[in-house]
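All chains are named by letter (A, B, ...) in the order of the sequence lines, taking the proteins before the strands, and each is independently numbered beginning at 1.
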Amino acid sequence: MNSQEQTAPLLEVRNLSKHFGAVRALNDFSMVVRPGEVVALAGDNGAGKTTLIKAISGVFQPTGGEILLRGQPVSFSTPQEAREKGIETIYQDLALADNLSIGANIFLGREPMRKAFGFLPVLDRKAMAVAAKQTMGRLDFHVSRLDAPVSNFSGGQRQAVAIGRAVYWDAQILIMDEPTAALGVPEQRKVISLIHQLKAQGRGVIFISHNLQDIFAVSDRIVVLRRGVQAGERKISETNHDEVVKLMVGG
Amino acid sequence: MTSTSSSGGTHVAPQADHGDPARTWIARIADGRAWLFLAGLIICFEVWSRLAFGATFVLNPFNVQSIAIFAVAPLLLATGQTFVIISGGIDLSLGFIMGLAAVVAAHATNMAGAAIPLPLAMLAGILAAVIVAGVPGVINGLLISRLRIPPFIGTLGMFGVARGAAYLLAGGTTVPVQNSWFALLGNGKFHGVPYLVMITAVFVVVMHYILSQTRFGQHNYAIGANVQAASRAGIDIKGHILRLYVLSAMCAGLGGALYAARFTAGAAQAGEPLLLDSVAAVVIGGASLFGGSGTIFGTVAGALVIAVIQYGLVFVNVEPFWQFIAVGLVIIISVLIDQAQRRFSGARQDE
């Protein structure tokens, strides 16, 4: 690692380990994510990508090592704590409630209330719709029917809703687990352009994908994991598909 | 797949949503199908009754009152059942929780009546019924949320337990209530509207508010659609499920108390035939048994459909066994409409 980027890291992982009994799923792993940077995590199945993101997002407690957020050591006992600190994970299976509107999904679990007739607390659907419209607008997705359930929208749009939720709650680090895996080609392209926008807004993105084409289209750096250890780290501008594949399979 | 007009980096202006008017139309009809059924049924019975007896069916206030009274008990069970079914569960114990509550209401009213004034004794009886009904609800909720027993099995077990408890408490017979206020509550009217119907109407509006306007209701829909998403959003699933089954049991508790008022007696078998009616009302009302959809007002229409079929067939002098066939057909047609609508909207999910 060199220090040619002047910006302080948003997220830093130092010597992180996670052992399940005798299995060393993750061993002495380090990486940094800077503001406005997209870091791709690559590796074969079982290389430890999922363990790593679960340790960062508070699902697992790491066995050793530390996580620093803007230079401050943090530890999360639940995913909610990680989310409150601005680390949001966007899961492959989207984690949306299909029967609810975009606004309701953005606010799921933290719904705004208002007082009807001055005393009766009711859900503030208008505020949710307004926030949904603004947030989706920031991602350049313009939806007209804000009361429609998200099941009415396409895969890419739903991915945008999941990302929009993270953006609305001001996540600084977005961990995206295979965000393009279940999508058709035009939709994949939309998601890639969404990631570009997140980057332009100065957020850090950890992008997990099997698709090297997507990784090369959007990432600044690539970190390759193999059997729980870091097998290599390259700047995208200084590497190519062949080298990454070699790192992944250990050639 | 062929739209290659834009290359990797530039943003592809996304299409707006798929909300074309035709789909919303069909969705609206499907959502309101219970009210359409109700209107259709009333017209059928009206025509039938005029042709057969030259008398009106629906314009006769006595008929309307009777249907409303008929619908009260199944509707109270069905409001609780609506919440449970939307969450993706089912509560089979409601019928006997209602019976248990009816017996408790009768006993408690009688006992309290010996010590305190009758109107207060009546309130004490109703309160006792609702609270005692909450106990099996708590057990249901704990079984399902903490011990991960499927709702169908957990509440089936509670069905048996509540049934036995109700018969034991009633001593195997019906328990008469000695309280004139309680009898008045069950049979009195105000300007032609029975008190029972008024209480139920207020209760239904409150339940509609809880389902459609509160976080509890919103989370209930989310859990029914995608438990994992709800849990990742930070919703306390276990706590919610617990409160949910307590709520549905307490609805049955109120149903039992009002049963005791109407018949001035508590009987363990009070809710026995009503359990499946309550599920039917919810399904006819537009909820999906897979969870995630349904409304209280849909369920109201569903309960009224059943009540109109049952009362109407008696009114036009058809053998009562046809009721079962008619209700069964309405359930099947209702689910078919739901599936047709799902298939239609499902086909439009991809670009």
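- When the candidates B:Ser293, B:Gly224, B:Ala222 are compared by the number of heavy-atom contacts under 4.5 Å with chain A, B:Ala222 comes out ahead.
- Looking at A:Leu100, only its side chain comes within 4.5 Å of chain B, counting heavy atoms on both sides.
- Here the CD-CG distance, from B:Gln213 to A:Asp124, works out to 10.0 Å after rounding to the nearest 0.5 Å.
- A 6.0 Å sphere centred on CZ of A:Phe20 holds more than 12 heavy atoms belonging to other residues, nucleotides or ligands.
- If you take CE on A:Met113 and OG1 on B:Thr214, they are separated by 6.5 Å, rounding to the nearest 0.5 Å.
- Around CZ of B:Phe152, the count of heavy atoms belonging to other residues, nucleotides or ligands within 6.0 Å does not exceed 12.
- No more than 12 heavy atoms of other residues, nucleotides or ligands shown are found within 6.0 angstrom of CD on A:Gln213.
- Other residues, nucleotides and ligands place more than 12 heavy atoms under 6.0 Å from the NZ atom of A:Lys18.
- Of all heavy-atom pairs spanning B:Ile235 and A:Gly109, the tightest one is CG1-CA, 3.9 Å.
- Residues B:Ala229 and A:Ala97 approach most closely at CB-N, 4.2 Å, considering heavy atoms.
- With a threshold of 4.5 angstrom between heavy atoms, A:Pro121 approaches chain B through its backbone and through its side chain.
- Of all heavy-atom pairs between A:Gln80 and B:Arg232, the closest is NE2-O, 3.5 Å.
- Interface residue A:Glu111: backbone and side-chain heavy atoms are both found under 4.5 Å from chain B.
- Contact of A:Ala104 with chain B is made through backbone and side chain together, with heavy-atom distances under 4.5 Å.
- In terms of heavy atoms, A:Asn99 sits closest to B:Tyr221 at ND2-O, 3.0 Å.
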